[in-house]
Amino acid sequence: MTQMWINMGPQHPSTHGLWDLLVRVDGETIMEAQTKIGYLHRGVEKIAENRTIEKFLPLNDRLCYVANSSWTTLFTMAVEDLLEVTPPERAQYIRVVVLELQRIASHLVWLGAYGADMGLLTMILWGWRDREIILDLFSLLTGARIMHNFPRVGGVRNDLPPTFKDRALKAMDYMDQRIPEYEDLCGRSELFAMRTRGIGVLPLEKAISLGCTGPMLRASGLEQDVRKEEPYLVYDRLDFNVPTGQNGDGWDRYTVRLEEIRQSASLVRQALNNMPEGDVMAPGFKMPKVLPAKTIYRRAEDPRGEGAIYLVGDGKTNRPYRLKIRSPTYVHLLAIPFYIKGARMSDVPVIMGGADPCMAEVDR
Amino acid sequence: MDLYSTMHGLVSWLVNGILGLLEGAGMRGPVMQLVRWMYGALEHAITVAVVVVLILVIGLLMVILMLWIERKLIARLADRRATMLGIMGIGKGTGAIQLFADAIKLLLKEDTTPRKADKYIFAVGPSILVGSSLLVLVAVPMSDGFAASDLKDGLLFAMAVFAFAPFAVFLSGWSANNKYTLMGGMRSATQMISCEIPLLLSIAGVVMLAGSFRLADIVHVQDRTWFILLQPVAFVVYIVAMISEIERIPFDLPEAEAELVEGWQTEYSGMKFAFAMMAGYIRGYIGCAIGVILFFGGWSSPVPAYTVDLPWGGRFSGPVPELWFLVKVLLLFMFLVWVRAGLGRVRVDQIVTIGWKRLLPLAMFNLALTVALMAFSDDIGTSPPVAGAAFVIPAACLTAAFWRWGWFR
Amino acid sequence: MMGTAATQKAGEENGSAGAPPAAGGPGGFQQRVLGELGRLQGTVTESSVTGPRRMLAKVAPDKIVEVCRLLRDAGFEHLSALTCVDYDSELQVIYLLWSYKDRCLIELRAAISGAEPKIASVTSVWTGAEFHEREAYDMFGVVFEGCPNLKRVLLPDEWSVFPLRKSFKVESIHEKRKRIEAEKAKAAKAAAPAAAPASEPAQPPKQGGTPDGAPAPKGGGAP
Amino acid sequence: MGVVPLITRPLWVTLKYLVRGLRRRPATVLYPFEKVRLPCQWRGLHRLDDEKCTGCGSCSRACPNMCIDMVQLAPKKKRPSIDIGRCLFCGYCVDACPFDALEMTGNYELAVFSREELIMSPEALTKVQDVREGTVDEELWKRVYGDEPVPDYPPLPPKPQKGKKDAAKKEEPPRKDGTEKPPECGFTGADKAVPGEVAK
């Protein structure tokens with residue numbers, strides 16, 4: 001067949017979100033690919049230069065519509081580094097609980113969409129059904145299901161409602177019962193293995209030189225997790241292990257993320273069980289009139305990889321002088337053309353889904 | 001008393017009754033002679049028309065029932081509630097009218113044709129597909145009497161017309177001037193080529209046992225032992241090949257939502273899309289019907305015939321063969337829906353591998369086995385356990401051998 | 001503006017409260033890196049350790065590729081981010097490198113002129129640098145010589161504006177509020193010399209348009 | 001893996017749900033007919049309490065999107081009007097109000113027919129009813145939490161009263177418009193987290 005360029009996106013059922021992978025196809029095999037993004041670009045970094053820190057906080061939830069609080073927490077940690085404020089112990093434990101619940105919810109969305117790319121419609125429904133429970137926990141804790149606007153500079157907005165702790169512990173036990181079911185439906189199914197083993201293989205040194213991080217890098221075999229490399233909040237007091245894969249194909253990305261759901265569930269339990277008493281905001285902290293003239297680079301482990309914020313204060317106003325948001329998926333999506341050559345037309349959605357695209361954080 | 005004669009009696013009683021009434025009312029002129037002459041000439045044609053319309057209506061009702069079963073079952077398998085639509089409380093929770101709502105919606109939708117598409121083939125594609133699928137309905141009997149036509153080689157005719165559809169899919173996919181539909185059409189052709197031969201070979205085994213292509217004979221031979229007990233391997237090959245013929249989930253690449261938007265149906269909307277969807281379910285019904293006739297003993301029921309005295313004096317005897325046949329068809333269809341809920345989609349090269357390197361050798365082996373055993377044992381009709389064991393044991397060891405080498409990879 | 005503070009010494013930045021420097025920490029490694037950077041007197045100025053896992057170095061823009069290759073071989077395999085900061089006197093290109101083995105981050109700063117920003121591309125060292133460079137070009141207009149396909153990645157190709165430059169003025173929410181109140185006050189003063197203020201029942205005309213800071217260029221600069 | 005486990009595991013686990021689906025309700029909540037009750041601190045549509053509000057405008061300054069305008073109702077009386085078309089529902093205005101005049105109800109069905117209706121005038125804000133219908137999703141509750149579904153989320157300790165009036169308030173007088181206040185869910189420490197404008 002003559003070679004032709006096919007658009008996998010932006011209006012395409014297999015792309016989660018608005019982005020376009022142009023694919024040059026010879027028959028069924030892919031010869032070359034190009035990524036086209038920018039459909040959801042809102043200029044968040046320019047807006048940030050015109051708003052005070054607190055007024056920019058709610059926008060952080062919109063940075064990634066599936067893992068909202070992870071970006072808000074990252075931003076508040078960056079500002080706290082800039083202002084040299086440390087939130088009280090209890091607030092840090094609450095932040096860890098919120099981050100890990102957010103990771104489970106984000107991985108469930110990914111698992112559902114990954115199944116849908118292979119025609120496994122049951123997987124979406126189970127993924128979304130179990131995510132509902134976590135969204136209910138969030139709506140009890142923060143007042144909103146998705147746009148929580150919960151972390152504040154110097155702490156968190158409010159303390160845990162009294163019923164939250166045992167409901168969250170029961171929800172985590174419920175989650176542990178659900179994971180074997182996901183494995184039955186995907187892990188132990190031959191069809192799933194046929195569609196994911198050896199698909200979109202990303203060797204380790206290519207992953208490092210491309211700048212892939214998080215589950216993509218761990219699937220290629222390097223045990224690297226910002227929570228272990230550069231422990232923030234109270235992660236160094238909680239014990240969890242970092243799952244890795246062997247040869248960086250679709251199968252390893254699935255096993256790595258599924259294992260991460262288990263680890264996050266146990267992390268939530270640990271954080272809830274040994275959470276100290278105390279107030280949730282740094283006592284007597286007031287936002288200063290002027291941000292100190294410093295630059296901060298704060299990294300955190302976003303469900304998709306290494307999210308980071310480069311914040312520059314200019315010592316004159318209380319607005320950030322420059323805010324650079326390092327998005328892990330931005331690198332993963334632009335890196336796809338480097339390892340998609342030779343794949344088949346049906347593998348393209350699996351490879352695109354493997355990168356777990358969340359377009360809001362890619363286009364900023 | 002088969003369907004044709006009953007219908008012929010009904011039609012002639014009706015027409016003569018009306019004509020008699022008219023003549024009684026004093027309408028004897030030359031017009032009446034012309035009408036009687038025409039009826040004399042067209043008597044046969046009218047009866048055939050009535051029979052065919054009856055079979056068509058039953059086929060379409062079955063399609064609607066299967067659509068509803070698919071929606072509800074695939075939902076319950078995935079722990080959700082499917083459509084709960086009901087009118088003013090009637091069928092509140094059953095979603096009964098969802099299907100009619102869909103049909104009406106598709107009828108009302110605008111029927112667009114892409115600008116640079118080949119308009120005629122684009123329009124003809126779905127009609128060929130539905131036409132060839134409906135044509136097979138004629139050849140599939142529902143019980144001894146109840147068949148539009150009981151050809152001597154009914155099975156051959158059915159398979160020949162059934163294999164016509166991928167040609168229509170390929171045509172309409174290519175004519176829609178859209179990259180996705182072109183890929184969809186190509187895939188349908190590859191899939192048909194790779195899975196047609198194992199399908200026919202698995203049927204050949206059954207036909208050899210039954211000795212005739214006539215579907216009614218195949219059913220009669222299976223009175224004591226269903227062929228699934230004698231031909232388990234053939235059944236596995238038949239089901240896998242039929243799923244890929246009908247283009248359902250594990251092998252629904254021509255219409256793969258994930259990568260090809262909607263495969264070859266991408267450019268269709270309104271009535272044409274309804275045709276394409278309906279064709280899918282008609283072919284599903286036919287696949288299951290032939291499967292039931294070949295392997296599950298058609299309309300012969302394990303329940304011994306019984307007679308019941310109805311309270312108002314009538315008598316009712318035995319399980320109605322037609323209903324028993326439809327129940328079995330629906331059960332086989334439910335298995336297909338269950339497979340759809342559990343499994344994902346395979347790639348095109350994997351279908352070709354399965355078709356050529358897995359199903360074909362399996363079907364050939366089964367055929368050779370059947371020939372060998374028929375040559376040695378003079379009468380298959382000896383005690384069923386012996387015949388069953390003679391078939392099942394080699395099949396089991398074959399599957400175990402294939403299993404150990406992970407042949408599905 | 002920020003220019004004068006460019007040479008500010010980053011104060012001792014304590015890592016987040018919960019991060020006691022790991023036993024031994026990358027201290028030894030940092031000294032070794034400082035030693036190597038020290039040798040390149042001409043190109044690297046002011047390399048320093050600014051935190052338990054942070055290092056800082058200012059690099060001459062024309063030697064950036066050698067320094068990056070040297071650091072990558074020294075252990076900084078991961079190019080975490082490559083971005084620019086537009087100080088009005090200069091445009092700083094920031095390279096943030098992370099070492100997986102020794103868990104330390106170094107921030108390289110190359111100061112280039114804001115008028116015609118040009119610097120060598122480091123895609124020869126990391127293939128992933130191409131993505132960050134394309135975004136820096138898209139937002140700041142920095143031309144990276146040697147970058148394989150230096151095209152706009154987020155904005156449409158025919159745009160000629162580099163939005164994140166400070167010269168691209170966008171009215172901030174606070175100025176907008178002051179402007180609206182000024183207009184309202186003027187309108188109220190003009191309309192109200194005779195009528196009593198209470199007679200103005202209609203709500204003030206809602207200031208339409210997108211919330212502040214919309215990237216759409218309002219003719220290059222708000223009034 | 002061999003042939004048998006090829007499809008048995010996924011089919012087995014879907015069959016389990018089919019069988020369970022026969023005796024217990026599947027997970028779906030049919031939204032328009034069955035609604036799920038939201039927790040008491042849900043951030044939905046705002047409600048203005050006319051007596052408490054003094055028109056100080058701190059809510060309009062706290063709003064990140066400038067959705068709140070102070071409308072001059074009477075010579076001495078200013079009240080906030082909220083443009084919910086641009087509102088983030090972030091709750092800053094509620095936190096910033098020194099007199100607890102603004103609160104967020106549980107209404108989330110805010111569709112209107114024209115853009116102008118999105119701008120809620122102060123009168124409309126006072127007449128907002130806290131429509132918290134629906135019941136807790138018993139099925140999900142039984143599956144996950146096991147015990148009997150609690151009709152409503154238990155109220156949190158009362159929010160510390162701030163503003164000019166003294167903290168030890170008597171029993172709050174019943175509201176004039178007869179709407180019963182949803183169970184009070186005060187937060188400890190939320191007010192100190194007031195972002196508000198720079199400490200002016």
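As a basis for the values below, the full set of heavy atoms in this structure was taken, side chains included, without hydrogen atoms, waters or symmetry mates. Labels below follow one simple rule: chain letters A, B, ... track the order of the sequence lines, proteins then strands, and each chain is numbered from 1.
Atom NZ of A:K55 is separated from atom CE of D:M66 by 8.5 Å, given to the nearest 0.5 angstrom. The distance from the SG atom of A:C186 to the CZ atom of D:R9 is 13.0 Å, given to the nearest 0.5 Å. Atoms CZ and CG, on A:R51 and D:N65 in that order, are 5.0 Å from each other to the nearest 0.5 Å. One finds the CG atom of A:D136 at 9.0 Å from the CG atom of D:L38 (value rounded to the nearest 0.5 Å). Interatomic distance, A:R145 CZ to D:W42 CH2, rounded to the nearest 0.5 Å: 6.0 Å.
Using a 4.5 Å heavy-atom threshold, the side chains of D:D95 and A:R152 count as touching. Contact check for D:Y145 versus A:I133: side-chain heavy atoms found under the 4.5 Å cut-off. By the 4.5 Å heavy-atom criterion applied to side chains, A:F192 and D:P10 are not counted as neighbours.
Heavy atoms of other residues, nucleotides or ligands lying less than 6.0 angstrom from NZ of A:K170 number more than 12.
Not one N or O on the side chain of D:R43 forms a donor-acceptor pair closer than 3.5 Å with the backbone of A:S139. Remark: side-chain polar atoms of A:N149 are paired, donor with acceptor, to backbone N or O of D:C90 under 3.5 angstrom.
Within the 4.5 angstrom heavy-atom criterion, only side-chain atoms of D:Y17, from C-beta onward, approach chain A. Heavy atoms closer than 4.5 Å to chain D are found in the side chain of A:R62, but not in its backbone.
In terms of heavy-atom pairs under 4.5 angstrom with chain A, the leader among D:T14, D:L88, D:V144, D:L11 is D:V144. For chain A, the option among D:A27, D:C63, D:G44 with the highest count of heavy-atom pairs below 4.5 Å is D:C63.
D:R20 and A:E181 are joined by a salt bridge, as a carboxylate oxygen and a charged side-chain nitrogen come within less than 4.0 angstrom of each other.
The two residues A:E54 and D:Y92 make their nearest non-hydrogen contact at O-OH, 2.9 Å.
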